[in-house]
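The structure under discussion appears below in the form of structure tokens.
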Amino acid sequence: DEAQITRQFVLPFNSELEERYSRRLSIITELKNTLEHAREELSLNYQPKLDLKNGKVTHVEALIRWTNARLGFVSPEDFIAVAEQAGFIESITSWVINKAIDDAARFKEVNIDVSVAINLSAKDIMNPALLPKVLALLKAKNLHAECLSFEITEGDLVRDHDKAVTHLKAFRNEGFEIAIDDFGTGYSSMAYLQNLPVNTLKVDKSFVLKLHQQDGDQKIVKTVISLAHSFDMNVVAEGVENLEALKLLADWGCELAQGYYICKPTTADNLITWFNDNRNTKWL
Ligand code: C2E
Ligand code: MG
Ligand code: MG
Ligand code: MG
């Protein structure tokens, strides 16, 4: 009967939805509070990208961390999309850029010569205020465009392609490197890649994590590498967790590798220590 159906199907479904909905609401409420009154709950971690040609770390990716008084640690996987929908992303990106540029200056001071890669959302890229702001902050710290680079998720660029191209070109014209993040999980076509003013494809970690065991992943990664090269783009592989994967990627001509095998995302202080400890490490 109807009551039984309700008990069996509708109620569990509803309660799961309700749970997700209330989690979302608490993320929105707490994030708003953090951005307005408790920015110390935010921090940036950094993860090196290793150049497979010369064994040096040329880039580090900035990854946001949020530990909230009420919710505890919340992964960016859980709050970035919510922040975009709730209209907080501009404020988050602004915080990230300020912090990342401060840290970029610090890395330079201690002779760590890297480009700090910042993750941007599509909304950021379309925001005409972003580029002038980045340029002003760099200038204030006496830094050049090589000190900063950007990563943008593939899906975000597809939705409003022409407008995205215009904005990306403005960044490229100032000398910033731009990577398409999570490449392979979206819906890009060859034609779309041809017109995109980016210089790097970042292979999604889902194809890299089990690279040494999965023939299918190997085929995909090799294909992305050759696709990128035919468009004069570099390739970064993320999610490198073992030496086997690192060796395969190097053999196939992948330019950069990033993953737990090399270094987990860590604080700016720990990153500086890591650099000093690994000046002579032979990775391959
Ligand atoms: P992403 O940009 O694709 O970053 C890669 C993610 O893979 C990071 O997760 C990183 O910690 C993780 N990772 C790196 N190496 C390995 C590995 O060897 N194995 C495994 N299993 N994972 C690895 P994280 O830090 O949780 O970030 C998740 C996503 O959140 C990022 O994916 C990015 O899309 C977004 N995000 C992070 N920080 C920011 C930010 O400051 N702004 C924006 N807009 N998005 C951000
Ligand atoms: Mg990224
Ligand atoms: Mg990625
Ligand atoms: Mg990702």
Side-chain angles (χ1 to χ4, degrees), residues 27 31 34-35 39 41-50 57 59-67 73-104 115-127 130 134 148-157 177-186 198 200-212 217 221 234-246 248-249 256-268 270-271 274 283:
I27 288 178
L31 197 52
T34 297
L35 291 167
R39 293 201 163 202
E41 292 189 352
L42 298 173
S43 61
L44 279 186
N45 272 356
Y46 294 94
Q47 188 181 34
K49 302 185 197 177
L50 180 72
V57 171
H59 298 72
V60 295
E61 180 175 11
L63 294 157
I64 196 167
R65 296 293 177 256
W66 179 34
T67 304
F73 176 79
V74 186
S75 161
E77 304 270 17
D78 295 334
F79 74 82
I80 288 292
V82 175
E84 279 177 38
Q85 293 152 7
F88 300 154
I89 202 69
E90 190 176 349
S91 159
I92 291 182
T93 301
S94 182
W95 181 88
V96 169
I97 286 175
N98 267 287
K99 184 80 177 82
I101 290 177
D102 280 355
D103 287 337
S115 172
V116 175
I118 292 173
N119 288 284
L120 294 181
S121 83
K123 270 197 188 141
D124 294 318
I125 268 297
M126 306 299 190
N127 176 0
L130 183 70
V134 166
L148 222 59
S149 43
F150 298 97
E151 299 187 4
I152 303 155
T153 306
E154 182 181 11
D156 296 343
L157 298 177
E177 289 184 23
I178 302 175
I180 301 189
D181 209 343
D182 302 341
F183 188 77
T185 58
V198 303
T200 304
L201 295 186
K202 195 162 182 188
V203 191
D204 192 67
K205 60 174 179 281
S206 60
F207 305 113
V208 180
L209 291 172
K210 300 201 177 77
L211 193 64
H212 56 300
D217 289 344
V221 172
N234 292 323
V235 183
V236 184
E238 63 176 20
V240 177
E241 292 193 352
N242 49 61
L243 179 60
E244 294 98 309
L246 196 70
L248 288 172
L249 292 161
L256 296 161
Q258 177 181 359
Y260 296 170
Y261 178 73
I262 301 155
C263 182
K264 287 191 173 175
T266 190
T267 62
N270 286 340
L271 186 81
W274 182 90
W283 292 100

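As the structure lists them, so they are numbered: ligands from 1, and atoms in each ligand from 1.
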**Asked** Which heavy atom of Val96 sits nearest a heavy atom of Leu44, and at what distance?
**Response** O-CD1, 3.8 Å
**Message:** To make sure I understand the geometry: which N, O or S atom in Asp181 is closest to the Mg ion (ligand 2)?
**Reply:** OD2
**Prompt:** Is the shortest N/O to N/O distance between Lys205 and ligand 1 below 3.5 Å?
**Reply:** yes
**Request:** Using a cut-off of strictly less than 2.8 Å, determine whether Glu238 has an N/O/S atom near the Mg ion (ligand 2).
**Result:** no
**Asked** Should Asp181 and Ile152 count as side-chain neighbours, where that means a heavy-atom distance under 4.5 Å?
**Response** no
**Asked** For ligand 1, is any non-hydrogen atom under 4.0 Å from Lys264's backbone (N, CA, C, O), its side chain (CB onward), both, or neither?
**Response** neither
**Asked** For Trp95, does its backbone N or O pair with a side-chain atom of Asn98 as donor and acceptor, under 3.5 Å?
**Response** no
**Name of the Glu61 atom (N/O/S only) found closest to the Mg ion (ligand 2)** = OE2
**Request:** Work out whether the distance between some heavy atom of Glu61 and some atom of ligand 1 is less than 4.0 Å.
**Result:** yes
**Complete:** For Gln47 and Pro265, the nearest pair of non-hydrogen atoms, with its separation, is NE2-CD, 3.7 Å
**Request:** Return a yes/no value for Thr153: is any of its N or O atoms, backbone included, closer than 3.5 angstrom to an N or O of ligand 1?
**Result:** no
**Complete:** One finds that the ligand 1 atoms under 4.0 Å from a non-hydrogen atom of Arg65 are 11 (O), 24 (P), 25 (O)
**Asked** Going through the checks in order, is the side chain to side chain contact (heavy atoms under 4.5 Å, CB included) test met by Leu31 and Val74?
**Response** CA-CA 10 Å; Leu31 197 52; Val74 186; over 6 Å; no
**Prompt:** Backbone, side chain, both or neither: what part of Leu63 comes under 4.0 angstrom of ligand 1, heavy atoms only?
**Reply:** both
**Complete:** Smallest heavy-atom separation, Asp217 atom then Ser206 atom, equals OD2-O, 4.0 Å
**Prompt:** To which of Tyr261, Tyr260, Trp95, Phe183 does the heavy atom nearest atom 17 (C) of ligand 1 belong?
**Reply:** Tyr260
**Fill in**
A student comparing Ser121, Ser206, Pro76, Ala100 should find that the heavy atom closest to atom 30 (O) of ligand 1 comes from Pro76
**Polar contact flag for Ile64 and ligand 1 (N/O pairs, less than 3.5 Å)** = yes
**Prompt:** With no hydrogens and no angle check, is any side-chain donor or acceptor of Glu84 less than 3.5 Å from a backbone partner on Ile89?
**Reply:** no
**Message:** Within the 4.0 Å heavy-atom shell around Val96, which atoms of ligand 1 are there?
**Reply:** 41 (O)
**Item:** Glu241 near ligand 1 by a heavy-atom separation under 4.0 Å
**Value:** yes
**Asked** Quick one: are the ring centres of Trp66 and Phe73 less than 6.0 Å apart?
**Response** no
**Prompt:** By number and element, which atoms of ligand 1 are closer than 4.0 Å to a non-hydrogen atom of Pro265?
**Reply:** 11 (O)
**Asked** With a 4.0 Å heavy-atom cut-off (strictly under), which part of Asn119 contacts ligand 1: side chain, backbone, both or neither?
**Response** both
**Asked** Which one of Thr266, Asn270, Asp103 satisfies the side chain to side chain donor-acceptor pair (under 3.5 Å) criterion with Tyr46?
**Response** Asp103
**Message:** I'd like to know whether NZ of Lys210 has more than 12 heavy-atom contacts from other residues, nucleotides or ligands below 6.0 angstrom.
**Reply:** no
**Request:** Please could you name the atoms of ligand 1 that Glu238 approaches to less than 4.0 Å, counting only its heavy atoms?
**Result:** 3 (O), 5 (C)
**Prompt:** If you look at every heavy atom in Ala83 and Ile92, which pair is closest and at what distance?
**Reply:** CB-CD1, 3.6 Å
**Asked** Does even one non-hydrogen atom of Asn45 get within less than 4.0 Å of ligand 1?
**Response** no
**Request:** Using the salt bridge (charged side-chain N to carboxylate O under 4.0 Å, His left out) rule, take Glu61 and Lys202 through it: C-alpha gap first, then chi angles, then the decisive distance, then the call.
**Result:** CA-CA 12 Å; Glu61 180 175 11; Lys202 195 162 182 188; 2.8 Å; yes
**Request:** Go through Lys49 and Glu151 one step at a time and tell me if the salt bridge (charged side-chain N to carboxylate O under 4.0 Å, His left out) criterion holds.
**Result:** CA-CA 13 Å; Lys49 302 185 197 177; Glu151 299 187 4; 2.7 Å; yes
**Request:** Report yes or no: does Glu151 have an N/O/S atom closer than 2.8 Å to the Mg ion (ligand 2)?
**Result:** yes
**Request:** Return the minimal non-hydrogen interatomic distance between Leu209 and Asn242, and the atom names on each side.
**Result:** O-ND2, 4.3 Å
**Request:** Provide the number and element of each atom of ligand 1 under 4.0 Å from a heavy atom of Gly259.
**Result:** 15 (N), 18 (O)
**Asked** Is there an N/O/S atom in Thr153 at a distance below 2.8 Å from the Mg ion (ligand 2)?
**Response** no
**Fill in**
When every non-hydrogen atom of Phe207 is compared with those of Gly184, the smallest separation belongs to CZ-O, 3.6 Å
**Message:** So if I count the atoms of ligand 1 from 1 in the order they appear, which ones are less than 4.0 Å from some heavy atom of Gln47?
**Reply:** 14 (C), 15 (N)
**Prompt:** What atoms of ligand 1 come within less than 4.0 Å of a heavy atom belonging to Glu77?
**Reply:** 28 (C)
**Prompt:** Applying a 4.0 Å heavy-atom criterion (strictly less than), which segment of Asp124 is in contact with ligand 1: side chain, backbone, both, or neither?
**Reply:** neither
**Request:** With heavy atoms of Asp182 as the reference, note each atom of ligand 1 found under 4.0 Å away.
**Result:** 3 (O)
